[in-house]
Asks: 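Got a structure for you, questions after.
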Amino acid sequence: MKVTRLLASRAARTHRKAWAAVFAALALTSLLLGTLGLTLASAGLGHPRVERYAGAALVVAGDQNTRFTARPWGSEPRTAQAGLTERVRVPWTALGVVRKVPGVRAAVADRWFRVGLAGRAAVGRPWAAARLAPYAVREGRAPQRADEVVVGGGGRAGARVVLRVAGRDVTYTVAGVADGPRAAVYFTEGEARRLSGHPGSLDALGVIARPGVETGVLHARVRQALDAAGVRSVGRRADGDAAALRVLAGDGRGAAEFLEAGPARADMLELLGSVAATVVLIALLVVSSTVVQSLRQRDRELGLLRAVGATPGQLRGAVGKEVGRLAGRAALAGAVGALPGYAALRGLLAAHGALPPGLALPLPLWVWPAPLVTAGVTVLVARTAAVLACARTAKVRPAEALREAAPGTARKVTGLVLLLAGVSSAGTAVLQHGAAAGAAAGAAAVTMVSACALLGPWIAEGAMRVLGAPLRRFGGPGGYLAAANCRAAARRSGAVLTPIVLVTAFVCVQLSAGATLAHEGAEQARRALRADFAVRADGGLPAGAVERIRAVPGVRAATDVVRSTVVLARREAGEPRLDRLPVLGVTPERLTRTLDPGVREGTVGELRPGTVAVGADRARSLDVRPGATVTLRFGDGVRARLRVVATYERSLALGDFLFSRDELLRHLSLPAGGQVLVTAAPGAGRGAVARALAAAVPGARVTRGAVPVRVVAKEPALGDVLSVTAVSAIGGFTVIAVLSTLSLISVGRRPELRLLRLAGAGRRQLRRMLRLEAAAMAVTGLAVGAVVASVPLLAFSVALAHTVPSLPVGQGALIVAVVAVATGAGTMLPLRVTLRGRYPGAGPSGG
């Protein structure tokens, strides 16, 4: 123990500069892992905010989750679960059941419906539901007649206000002004029941407890009463999909108000997990390669210790302690910055509107020490890499320890096997669809990058065979020396190539995959749009608005478009999966005149309730054609078996399923028309048509030049911010890895350069040699990284977008610039003193 401590302390003092890059890599690793760990913990503890039900002890709501159970191959049955984004309603009978429960002071029915108020969207509710917040009247009184309302946060009692409800403009008297949000309008119970459109059910049921009754006791009583009465959520669910009513308490009450917060939280966790996995993988590769390179420069020193009698255990112990001390300090430094890093990431997400609305993301004090756990993981990774790095020197006989080992056959064979596996995985991605294609492409990228790390020396040697001739021909003496050096030191060149290939491949895959889908989706949306105008109104368009618009002179076609989601239950490798997909509902008459989905088979003109059109890729994966049937679950969990009437091409823009508007309206939380796309007849004056449309639908907004219609599977702002975060982390790791690797190599080459100076090489020749070496390594790394990235990207793009990968020119130029600057700086800066010095025999000018 004394020997290992002595060796570790002496080596740490002697090689302080060599460990600087390792310290930076470990500190960045700890910082990023701690930041992402805190973010994941916060998202994991996240819940919808409790606002309008804060005064209720309990909230009874429909089951907002759907489930699918399947038996994987050779395993027990498993159940997948997905959140629903449309409201699952509560039957009216639940109100009577809950009112009879002992300890219930009041059970309040709540309904939500769309209202247009002074040119902005608002929500209508019964006045009795205001006590659930609780909100009170601060001016005037509660509404007593059907033509009276209470407005929230603004207005004046006694004033007259025009509201757009159920698609009509109706004048109401403001009976009172209440606390609470401005976007709330309260009606009498009867008027709210009539306007909601579903008089036989409730959106939620608030429970107010009697004084002295504990919430936990009341929760059990209400739960038991509902189960005994057999009251279930409204709607026909799939077999095995439980539909019992939920009884929500505490933070769970917010789930009845912010329906999309729960599914958005699940999407956020999935995206964060993907980014964290990528960062962890890059960190492991970079930390390992940096530690290995730092110790590789000391092979002769370690070999000498082995030759003079140090045992393998003493050598491993000394290296482990040396790296452990350094890693401990670096990991703690990174852990200290994790909390500010989390705050910065939260601020960035909030600034870009990437945080799901209504979702609270707490970070309690007991979670704050989490970065210490990730710091421990960082230390463990560093020590493991150190032990592996000195494994060869510790094992060989003392007489052979000073001899440098060449890359072995096992390394080459392993690299080739991984390379073939990566190409095979990319080929599999071409045959897959959706998430399966993305997973196969991602696996191909990881496998091929790992293969290139193992094959680095042979890649470097092959590259020098290609680049050697132009270097010798056009580079002069410096070029000749550069070609000879790179080829002779293939192992050293391969160490430089690994981080360059890594950053090029991963960053290209990260940026290009999203850019390709976004570009192709936008292009499909642009090609699909045929409309000249868009007509919409807060509070919804009136019934028959589409027919009135079609009757306007100069209108060729009009299509009402609404949005929602559906859930597709399927098996993937035997595992049950539930995919939540965004969809559109349209009026089918002359649809292709306003919104052309690119029909491949069948006709979208046959879209009716009970039918569906399917995107061509999804139809291929489901093996369906026109006339076949598919089973889906709508956004409110209702299961339906639908007949396929058409398949179409532009599913990246319009979604995988296209429904009739009337079918989708039945399952919307707030049923109201979205927008009407209008195409003018040839030769019709655009101005005259716009004025006629406004006159045909009073209160509607008519917009010239309709925006292309496109569905988005997940929150794009969240994905964009996390993608930038991941790319920045990868870039930071790579700069550290390239600088550290080249710096360590350059420091080890000082004797070589001194010898070249003594042999007569001038400073200019040596600088040119080093610059050409750096350029050769950068060009090789970029080329190999681009090839590695192109294989999975091509498979991914062909499978999902049927196009070639695309990468914005600015982002590609930034990758090249970062690699070039890091390679040049890592090569030249550590040797600037050596190149300036004067040595015996170098001549008076030194070149």
Asks: Might you confirm whether atom CZ of R548 has over 12 heavy atoms from other residues, nucleotides or ligands at distances under 6.0 Å?
Replies: yes
Asks: At their closest point, which heavy atom of L259 faces which heavy atom of S669, and how far apart are they?
Replies: CD1-OG, 3.6 Å
Asks: Any side-chain heavy-atom pair from L419 and M448 closer than 4.5 angstrom?
Replies: yes
Asks: Side-chain contact test, heavy atoms from C-beta onward, threshold under 4.5 Å: evaluate it for R87 versus Q64 and give yes or no.
Replies: yes
Asks: Among side-chain atoms of E606 and T611, is any donor-acceptor pair under 3.5 angstrom?
Replies: no
Asks: Within the distance-only criterion (no hydrogens, no angle test), does the side chain of D203 pair as donor or acceptor with the backbone N or O of W112 below 3.5 angstrom?
Replies: yes
Asks: Taking atom CZ as the centre, does R593 end up with more than 12 heavy-atom neighbours from other residues, nucleotides or ligands that are less than 6.0 angstrom away?
Replies: no
Asks: What's the spacing between Q675 CD and R701 CZ if we round to 0.5 Å?
Replies: 10.5 Å
Asks: Side-chain contact, heavy-atom cut-off 4.5 Å: L269 with L40?
Replies: yes
Asks: Do V88 and R246 touch side chain to side chain, with heavy atoms closer than 4.5 Å?
Replies: no
Asks: Taking side chain as C-beta onward, heavy atoms only, is L632 less than 4.5 Å from L568?
Replies: yes
Asks: Taking side chain as C-beta onward, heavy atoms only, is L202 less than 4.5 Å from R89?
Replies: no
Asks: Are T66 and R633 close enough that a side-chain donor and a side-chain acceptor fall under 3.5 Å?
Replies: yes
Asks: How about R666: does its CZ atom have over 12 heavy atoms from other parts shown lying under 6.0 Å from it?
Replies: yes
Asks: Would you call the rings of F634 and F659 parallel, tilted or perpendicular, where under 30° means parallel and over 60° means perpendicular?
Replies: tilted
Asks: Between CZ of R527 and CG of D596, what distance do you get to the nearest 0.5 Å?
Replies: 10.5 Å
Asks: Calculate, to the nearest 0.5 Å, the distance between atoms CG and CG belonging to L584 and D656 respectively.
Replies: 11.0 Å
Asks: If we only count heavy atoms from C-beta on, is the P72 to R78 side-chain gap below 4.5 Å?
Replies: yes
Asks: If I take atom CG from residue D241 and atom CZ from residue R639, how far apart are they, to the nearest 0.5 angstrom?
Replies: 10.5 Å
Asks: Nearest 0.5 Å please: distance from the CZ atom of R164 over to the CZ atom of R114.
Replies: 13.0 Å
Asks: Is there a donor-acceptor contact under 3.5 Å linking the side chains of T629 and R641?
Replies: yes
Asks: Taking the side chain as everything from C-beta on, heavy atoms only, tell me whether L245 gets closer than 4.5 Å to P91.
Replies: yes
Asks: Might you confirm whether atom CD of E520 has over 12 heavy atoms from other residues, nucleotides or ligands at distances under 6.0 Å?
Replies: yes
